[in-house]
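These numbers come from the heavy atoms of this one structure, side chains and all, not from hydrogens, waters or symmetry mates. Protein chains get the first letters and strands the later ones, always in sequence-line order, with residue 1 at the start of each.
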Number of protein chains: 2
Amino acid sequence: MLKLYEESGKMALGSRLRQFGESLGAEAEKVYQLYGVQMDPKWFPVFFMLKDGSCMSITALAEAIGHSHASVSKIVKEMTKAGMCCSEKVPGDGRVNQVCLTEKGKQQLEKFQRQSGDVEAVVQDLLAQSQNDLWEAITEFEYQLEEKNLFSRIKEKHQSREQAKVKFVEFEDKYAKAFSDLNYEWIGKYFDVEESDRVMLDAPREYILDNGGYIAMALYENETVGTCALIKHSDERYELAKMAVDDSAKGLGIGYLLGLHMLEVANKRGGKSVFLESNTKLTPAINLYKKMGFQRIVGEPSPYARCYIQMEVSV
Amino acid sequence: MLKLYEESGKMALGSRLRQFGESLGAEAEKVYQLYGVQMDPKWFPVFFMLKDGSCMSITALAEAIGHSHASVSKIVKEMTKAGMCCSEKVPGDGRVNQVCLTEKGKQQLEKFQRQSGDVEAVVQDLLAQSQNDLWEAITEFEYQLEEKNLFSRIKEKHQSREQAKVKFVEFEDKYAKAFSDLNYEWIGKYFDVEESDRVMLDAPREYILDNGGYIAMALYENETVGTCALIKHSDERYELAKMAVDDSAKGLGIGYLLGLHMLEVANKRGGKSVFLESNTKLTPAINLYKKMGFQRIVGEPSPYARCYIQMEVSV
DNA sequence: CTGAGATGTGTAACTAGTTACGTAACTGGT
DNA sequence: ACCAGTTACGTAACTAGTTACACATCTCAG
């Protein structure tokens, strides 16, 4: 095993797979020669798909063998030149180019079958002697990645580690600027800032906290990266509002954590339900609310011109 | 799984490995981006080998990561241009170019370590959930191939199947031409044909069979592809001579089978030992005899000018 | 000490794939 | 009937590696 793989750990799995696959493939040409099959190893996948005499289009071949159509197009061109296959336009559809083996191509079949039988037997043998069956291992790994690909898994890991660095703290006056800045930022991005916004953002203590509300600040490595407010409408009913997360911290799922934190606070304060008003235009936000458990309701008309949707959740 | 792999069986293992490895690698760039590591994924192996601050030559790097030195040379050139590493001639030896990370390169390390930790954990997790551990499976497979590579194994399989088609029959007059042709062919290739050759080859019945000897012909798909003679020197002592295999059938191990066949015949006829005379120049032949059990002896001087070695085996 | 062969590196040309793009043919809604 | 979008294909340009070759430097036997 290469020094790299000894030291790198399994993070280099992809690299190792590719390299090992290539080293196996390197022997292929000698094998073809041994059996007298007059074929370039890279033709193998195309040849194999056509070997039972069927005709296939370029695209169908590409799909079946996992290459780009461009690659298949080139391979077919070479094979045609070597007299191994031929192609013709299919009558019904002037676009598709149907490819099939020529007689000469079919003549390779007998030798090829002998070869593939032997190779199969050798590989089968090697696999059987291993504790971990390489073929099955790939199948299993691929299957797992089909459910959720590698990148998503890594992203989740990344996110959950980063989220551990996020803390939520109660509003203090020193956060007043951060609170308004974060909100002005996103409101200005999608709408015009309205008077009703300005009032609350500039005097949160007066309009939110003193009326029994609550404001949380999200801190990430001691930077304020998000904020959210609970406005008290009655002892049992709070409004979730002024949620804002800075672009620099997007993608860490801070919004979600912040939201859950707010629901928890509402619950602790005796709230039974939390509602919010938003705009269907803000798809990511709406999805976030849904994920938090909010469901659309028909509520009383809102003083905000941009409000088209109301949602609620019990806590 | 692709249709190709479903149908092809495990003969396409190499192809599948490479393809799967590539598909994993394709996600790498996004991962680097996610963690803010300013690095081209293809730099990874070089970066990794240098990450502990050590200096390495191009060739040493190439060896460690399993690339050609040319590839490493290109990667280092790119990394140098990006300011990630630098290289300088080593004082003792004007040829070697020692490469190490720059400060900027080392700055990537922290982020890289975070990333590799997460990736490692995710892959480890996936492997642990599989019945067949992909990483271990490759290690095992590689280990097996180290002992004997894939091509050798296939060749053996091929050979043993082809050998089943070889039959040995006793000399008849209809084989007289084949017997002499096969021998003249190889003798002429290495030496001048001598009178003592001519006598026996042209009248095998008289000089070999009638004196209690034996001649076998090797048939492969009804073609005579080889021959060999036993010359009786005494009731217990035979000479193996006139062994010839046609070029068209080389590589199938026919010589070996033919030799064993002759020893068997000698044994059945009451022989206790078989000797032969040959020339050290004919390395493949000598190796073949060794494989059959023959050992070098010092014997009586031979009438053949080309004979430099005598070998014997008990049967 | 000197010349033949080995070693280390860089560059050029090749290889087996890819993505990007252009063109022609088909399809489906008005 | 038509045109906007989709599909099939081929070609060109790119990519990440390779092998082949050129060249400088080193090593060591005579």
Side-chain angles (χ1 to χ4, degrees), chain A residues 2 4 12 14-29 39-47 55-81 85-99, chain B residues 2 4 12 14-29 39-47 55-81 85-99:
Chain A
L2 291 174
L4 172 66
S15 187
R16 195 177 175 201
L17 280 166
R18 191 171 36 73
Q19 218 163 34
F20 186 48
E22 247 156 46
S23 83
L24 291 187
E27 303 191 84
E29 191 164 357
M39 223 173 36
D40 191 320
K42 79 176 172 210
W43 298 350
F44 158 72
V46 169
F47 179 79
C55 290
M56 292 179 76
S57 72
I58 300 281
T59 316
L61 279 167
E63 186 118 337
I65 73 177
H67 283 194
S68 63
H69 81 268
S71 166
V72 174
S73 182
K74 278 194 283 191
I75 290 172
V76 166
K77 201 171 157 190
E78 279 184 46
M79 287 177 72
T80 304
K81 199 175 162 194
C85 71
C86 60
S87 58
E88 52 175 7
K89 292 276 170 197
V90 65
D93 190 331
R95 293 166 303 175
V96 324
N97 208 355
Q98 261 192 329
V99 185
Chain B
L2 290 173
L4 172 66
S15 185
R16 193 175 178 203
L17 280 166
R18 191 172 35 73
Q19 218 164 33
F20 186 48
E22 247 155 47
S23 82
L24 289 188
E27 303 189 84
E29 191 164 356
M39 223 173 38
D40 191 320
K42 79 176 171 211
W43 299 349
F44 159 72
V46 169
F47 179 79
C55 288
M56 292 178 77
S57 72
I58 300 282
T59 316
L61 279 167
E63 186 117 337
I65 73 176
H67 283 193
S68 63
H69 81 269
S71 166
V72 174
S73 183
K74 278 194 283 192
I75 290 172
V76 166
K77 201 171 156 190
E78 279 184 47
M79 287 177 73
T80 304
K81 198 175 160 194
C85 71
C86 60
S87 58
E88 53 177 4
K89 292 276 170 199
V90 64
D93 189 331
R95 293 167 302 178
V96 325
N97 209 353
Q98 263 192 328
V99 185

- Starting from the C-alpha separation in whole Å, work towards a yes-or-no answer on side chain to side chain contact (heavy atoms under 4.5 Å, CB included) for B:Met79 and B:Val46. CA-CA 9 Å; B:Met79 287 177 73; B:Val46 169; 3.8 Å; yes

- Query: Rounded to whole angstrom units, what separation is found between the CD1 atom of A:Ile58 and the P atom of D:dT11?
  - Reply: 11 Å

- Task: State whether the distance check finds a donor on one side and an acceptor on the other, under 3.5 Å, for side chain A:Arg95 versus base D:dT7.
- Result: yes

- Task: Round to a whole Å and report the spacing from NZ of A:Lys42 to C1' of D:dT18.
- Result: 14 Å

- Rounded to the nearest Å, what distance is computed from the CG atom of residue A:Asp93 to the C1' atom of nucleotide C:dG28? 15 Å

- Could you please spell out the steps behind the side chain to side chain contact (heavy atoms under 4.5 Å, CB included) verdict for A:Leu61 and A:Met56? CA-CA 6 Å; A:Leu61 279 167; A:Met56 292 179 76; 3.7 Å; yes

- Task: Measure across B:Ile58 and B:His69 and return the closest heavy-atom pair with its distance rounded to 0.1 Å.
- Result: CG2-O, 3.7 Å

- Send over the distance from B:Leu24 CG to D:dA16 P, rounded to a whole Å. 17 Å

- Message: Please classify the nucleic acid contact of B:Gly25 as base, sugar-phosphate, or nothing, using heavy-atom distances under 4.0 Å.
- Response: nothing

- Whole-Å distance between C:dT15 C1' and A:Asp40 CG? 10 Å

- Task: For DNA chain C, determine which residues of residues 68-80 of chain A have any heavy atom closer than 4.0 angstrom to one of its atoms, and list them numerically.
- Result: A:Ser68, A:Ala70, A:Ser71, A:Lys74

- Message: Quick check for you: among D:dC9, C:dG17, C:dT9, whose closest atom lies nearest to any side-chain atom of A:Val96?
- Response: D:dC9

- Query: For A:Gln19 and B:Ile65, which heavy atoms make the closest approach, and how far apart are they?
  - Reply: NE2-O, 3.2 Å

- Query: Below 4.5 Å, heavy atoms only, C-beta onward: do B:Val76 and B:Cys85 meet side chain to side chain?
  - Reply: yes

- Spacing between A:Glu29 atom CD and C:dT15 atom P, to the nearest angstrom: 11 Å

- So how far is it from B:Lys74 NZ to B:Ser68 OG, rounded to the nearest 0.5 Å? 7.5 Å

- Item | Candidate pair A:Lys42 and A:Glu78, rule side chain to side chain contact (heavy atoms under 4.5 Å, CB included), full reasoning | CA-CA 10 Å; A:Lys42 79 176 172 210; A:Glu78 279 184 46; 3.0 Å; yes

- In whole Å, what is the span from the CZ atom of A:Arg16 to the C1' atom of D:dG17? 20 Å

- Query: Taking CE from A:Met56 and P from D:dC9, how many angstroms apart are they, rounded to a whole number?
  - Reply: 11 Å

